[in-house]
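Below: the structure, in structure tokens.
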Amino acid sequence: MSIHEPFPDLDEMTAVIGEAGRRLSEIGASEGAAGNISVYLGWPMEARRRFPNVETIELPLAVPELACGCLLVTGSGRRLREAIQNPAANLGFVAIDEGGRTGRLHTSPLRLFDRLTSEFNSHLAVHRDQVRLTGTNFHAVVHAQPVSLTYLSHIPAYRNEDYLSRRLLRWQPEAIVNLPEGVGCLPFLVPGSAGLMAATIESLRAHRIVVWGKHGVMARSDQSVKRAVDRIEYAETAAHYEYTNLQNGEKGQGLTDDEIRAVAKAFGIEQKIF
Ligand SMILES: [Zn+2]
């Protein structure tokens with residue numbers, strides 16, 4: 001999947017990131033400064049009017065596949081819910097240099113952060129991997145901390161990918177349509193670490209959303225930032241059903257395997273979970 005011309009301009013892209021941040025906040029997935037968003041754009045974009053200050057930064061990993069593309073990334077310690085009011089103050093624009101080892105970080109004089117998000121390595125690695133695999137010219141990555149999903153990941157049984165997906169996708173008929181690959185799941189790994197980055201790349205090859213055990217989630221989309229946020233919302237809603245059912249002594253039935261298979265068949269969804 002790629003985005004076709006006319007490409008969205010910088011103001012449209014920053015507005016969409018702002019709206020995504022606001023939605024994550026509305027669903028309780030972004031308390032305080034939790035969560036971060038980045039978007040890879042594989043077409044030329046002029047950023048100097050909004051982001052006139054320029055410095056060279058070393059990228060946390062070499063991304064030759066993204067060379068000459070650019071990224072919009074949330075700043076470390078910024079509140080996602082506030083990005084919509086003043087995108088330039090909360091976002092950095094990175095033009096990736098030839099070779100993909102360094103970038104020019106463009107920022108606004110209104111800039112309210114020192115560094116880009118502390119999860120920048122995982123964002124960059126997932127963009128690189130997906131661009132390398134699919135050749136897409138657009139890719140959005142969102143990290144958030146939805147409460148119910150994250151809570152479930154504290155229960156050992158839910159850190160099994162197959163179990164987690166089977167338990168989550170049984171609560172709404174649309175779940176298998178929206179998340180046909182299920183939900184990936186990683187053990188707890190230190191935030192910002194190389195281990196988390198490597199495991200996230202691997203899991204997001206097979207899924208569009210992965211739970212970071214005892215921490216939160218990361219979702220991706222090659223269509224739009226909102227699609228990535230939608231995936232978080234679908235999975236979190238399912239997790240809320242599951243959590244409610246646990247509290248209710250598991251009285252809820254959920255859709256049966258046969259019922260879910262019938263939905264998948266009717267919607268032409270290929271799935272291996274049920
Ligand atoms: Zn986090």
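FYI, side chains are in, hydrogens and waters are out, and symmetry mates aren't considered; it's all heavy atoms of this structure. Both ligands and their constituent atoms are indexed starting at 1 by order of listing. Heads up: numbering here begins at 1 and tracks the sequence.
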Should the heavy atoms of other residues, nucleotides or ligands under 6.0 Å from CD of Glu12 be counted, would the total exceed 12? yes
Please work out which of the three classes, parallel, tilted or perpendicular, describes the rings of Trp171 and Tyr241, given edges at 30° and 60°. parallel
When the aromatic ring centroids of Tyr40 and His139 are compared, is their separation below 6.0 Å? no
Under a 4.0 Å threshold between the charged nitrogen and the carboxylate oxygen, would Arg170 count as salt-bridged to Glu242? yes
Which protein atoms of type N, O or S are found under 2.8 Å from the Zn ion (ligand 1)? His143 NE2, Gln145 OE1, His215 NE2
Residues 146-165 vs salt bridge (Lys or Arg N to Asp or Glu O under 4.0 Å), sequence neighbours excluded, gives none
Quick check: closest heavy atoms across Pro146 and Ile232, and the distance to 0.1 Å? CG-CG2, 4.1 Å
